[in-house]
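Below is one structure, written out as structure tokens; comments come after it.
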Amino acid sequence: MNLDLTQFRQPETDVSRRYDAEAFHGRTSEFRVADPVDLRFKVYKDKERFRLVGRVLTALEMPCSRCLEPFQLAVDSSFEIRYLPQSESTGDEEKKIEADDLSDAFYRDEQIDLSQLMEEQFYLALPMKPLCREDCRGLCPNCGTNLNDATCDCQVRWEDPRLAGLKALMTRDNDNA
Ligand SMILES: [Zn+2]
Ligand SMILES: [Zn+2]
């Protein structure tokens, strides 16, 4: 999944690539790529420097943080990354002068590793708390039933949370005695 930079002679070039989901399998543990990955971007060339501006589209599969069932998350992520030759990475001064909103990366041997670019975008797209749906009811903390599909008897005995707090307090007192 490398991008050969020697092919770019024009200041601006459109690139479009499509990768099978399988190409990403086994590379990440937090999620699985579930759909083919569409990568479209423009390459802006300025001598040794390249700017990649585009989008990556796919679907990721991961477990819901509440009910633990796997679900798919659509990803449509925009990026703008500036690539400098690896040799420039030692010149800190130049980097400081050009500090702006663009993310910087480095390329080596006239190649950009697109798998790294895409995986970064996947990680950025991950929610802090993945949910199969906004109102996922999760698992019953008592018997483990998935409350999206079924109800369980534990639910019926609704307890006033204030009483529950009092009960916990009393149990603690008993333990101390
Ligand atoms: Zn869920
Ligand atoms: Zn239950």
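Counting starts at 1 for both ligands and their atoms, in listed order. We're numbering straight along the sequence, starting at 1. Source: prediction; values computed, not measured.
For the residue pair Asn148 / Arg133, a side-chain donor-acceptor distance below 3.5 Å is found, with atom types taken as modelled.
Remark: at the Zn ion (ligand 1), atom SG from Cys136 and atom SG from Cys132 enclose 110°, rounded to the nearest 10 degrees. Here the angle centred on the Zn ion (ligand 2), running from SG of Cys140 over to SG of Cys143, is 110°, rounded to 10°. Rounded to the nearest 10 degrees, the angle SG (Cys64) to the Zn ion (ligand 1) to SG (Cys67) equals 110°.
Close placement of the Tyr107 and Phe50 rings is indicated, their centers lying within 6.0 Å of each other.
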Could you walk me through whether Gln121 and Ile81 pass the side chain to side chain contact (heavy atoms under 4.5 Å, CB included) check?
CA-CA 11 Å; Gln121 297 308 310; Ile81 304 169; 4.2 Å; yes
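A salt bridge does not link Asp46 to Arg51: none of the charged nitrogens lies less than 4.0 Å from a carboxylate oxygen.
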